[in-house]
Amino acid sequence: MALDLDISLRGPDAYALTRKAVDQMEQHQVWPTPLNYELWIHYVNSPESDLASEINTLVKKRQPITEAVSEDLAARYLTRNRLSEEIRDAGDQLSRELASVTEALEKAQETNAAYGRTLAGASKDLTIDQEPPALKRMVETLTAATKRVQRENSNLEQRLNASTDEVERLRENLEQVRRDAMTDGLTNLANRKSFDEGLLSACAKSEAQNQPVSLAVIDIDHFKRFNDTWGHQTGDQVLRYVASVIGRVGMKAPRLAARYGGEEFALIFPGETMDKVIPVLEEIREEIASRLLKRRSTDEDLGAVTISIGLAQREAGEGATLLVERADAALYASKRGGRNKLTTADASAVAA
Ligand code: C2E
């Protein structure tokens, strides 16, 4: 559950809270990045929260809090906060914009009304035997009033054009916020929230239109060992590498590739049977295994990374949870069967 905290970093307690957060970060060997800083401020400020209890569990299990772990915690506990702040900011800007346009409209309305009054007065004063000087004054008054109203209308037009641009900019900002909220920061794939929504909607559509939907879950083999041996920064790069191959190999919409959790990925294939999907997954598996990676900092050979895959096709009446469970069970069959392979949910290993 996302945190709903409003921490005020002002006032006498602010420095103490900050020092406590930094101490904790140092103690647990977490870099003071802006993201970690935010997480640990929440941690020390709300020791009873779900976030704090999850961090405590990680610490107890001596599980390092890597960039990937922090991204995952932030996505689950902080997103709503950040999102609501950005939406609130955009809302404030929109209100200011509306107020300013309303003001310009009111001003133009006043000018138009005054112009109407001037015209009405002139038409009342106009007589057939008007003297030329009086007629001249009247024409001058009307000309000045017409110029004023033209100026005001042109100002209004400019203001409305500027406002249209501003509203378009805000719309793009909000679209970016929406995209960020659905994206995993480390890998740039869809995040867990986006996956959950995507799978629910794919299952509902599959049921309504009697169409297939397939789901693949992918786990990086021996990732923990890899992390322990080469360090977490390299582990994070392996996650990025696997994600980049997944993204490269034919995952265009309506297909959806997501980071499902730590080193697990999930791929939704709406409207596609397992038979159609297997060659795509095999291509991903083979491409990942074929490349020898290097540790960027030292140029040491890291060897190849392999993945295990579980694949399931939705059965009539089946919900998202059961589909995920069957794909997960197939994944574990791949792991038990020696890894670097794909297993379909009917338990037959397709490739070794
Ligand atoms: P990145 O480091 O940000 O690299 C992005 C892309 O730039 C790579 O996409 C690749 O097309 C290119 N690139 C970067 N460095 C090199 C290089 O030294 N040689 C070559 N030939 N191309 C390079 P790609 O290959 O899809 O990798 C995506 C991400 O996966 C990388 O992001 C990095 O985080 C990770 N990765 C890929 N290969 C390795 C590797 O051998 N070692 C490590 N540590 N990470 C890797």
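Values below: all heavy atoms of this structure, side chains included; hydrogens, waters and symmetry mates excluded. Counting convention: from 1, in listed order, for ligands and their atoms alike.
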Just list the side-chain donor-acceptor pairs under 3.5 Å for residues 211-219, sequence neighbours left out, or say none.
{"from": "Ser214", "atom 1": "OG", "to": "Glu272", "atom 2": "O", "distance (Å)": "2.7"}
{"from": "Ser214", "atom 1": "OG", "to": "Met274", "atom 2": "N", "distance (Å)": "3.4"}
{"from": "Asp219", "atom 1": "OD2", "to": "Lys335", "atom 2": "NZ", "distance (Å)": "2.7"}

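Counted by atom type alone, Ser334 and Arg339 present zero donor-acceptor pairs between their side chains at under 3.5 Å. Asp180 and Gln176 form a side-chain donor-acceptor contact under 3.5 Å, judged by distance and modelled atom types alone.
The existence of a salt bridge linking Glu166 and Arg96 is excluded, since no basic side-chain nitrogen approaches an acidic carboxylate oxygen closer than 4.0 Å. Comment: Lys193 engages Glu197 in a salt bridge, judged by a side-chain N to carboxylate O separation of less than 4.0 angstrom.
Within 4.0 Å of ligand 1, counting heavy atoms only, the contacting residues are Gln237, Arg240, Tyr241, Ser244, Arg248, Arg291, Leu293, Lys294, Arg296.
Between the side chain of Glu283 and the backbone N or O of Val249 there is no donor-acceptor pair closer than 3.5 Å.
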